[in-house]
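Treat the numbers as computed from the prediction; the structure is a model and nothing was measured.
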Amino acid sequence: MSIRYQPICLYNENDSSVLFGEPGKHILMARREKDDWFVGGITNNNGSDEVITLDFLEPDKIYLATVYTDDANVETST
């Protein structure tokens, strides 16, 4: 079973939505709290490269992104 891109519907000041994912492989979610967006993802131990469409953001506005990744030099097992 796969979860595919679901457009975000903004009904109130705080929203959460699954952008895409596949159980046991990866998930990408977006959450909005008033004017602040938080986008996060997690994968299984195999990792993955994902392309994130940010078309839910207001156009012609400047955004600041902080990106966190695993350290490529550290072998992790969860």
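Scanning both residues, Arg32 and Lys34, for their nearest heavy atoms gives NH1-O, 2.8 Å. Heavy-atom minimum distance, Val51 versus Phe20: O-CE2, 3.8 Å. Minimum heavy-atom separation, Phe38 to Glu33: CE1-CB, 4.4 Å. In plain terms, the two heavy atoms of Val39 and Ala30 that are nearest each other are CG2-CB, 4.1 Å. Ser48 and Thr43 get closest at one heavy-atom pair: OG-CG2, 3.2 Å.
In this structure, the separation between CH2 on Trp37 and CG on Asp15 is 6.0 Å, given to the nearest 0.5 Å. Remark: Ile42 CD1 to Met29 CE distance equals 11.5 Å, nearest 0.5 Å.
The side chain to side chain contact (heavy atoms under 4.5 Å, CB included) test applied to Tyr68 returns Thr66, not counting sequence neighbours.
Of the candidates Leu28, Thr53, Ile27, Leu28 is the only one forming a side chain to side chain contact (heavy atoms under 4.5 Å, CB included) with Leu19.
Formation of a donor-acceptor pair under 3.5 Å by the Asn44 side chain with backbone atoms of Gly24 is found in this model.
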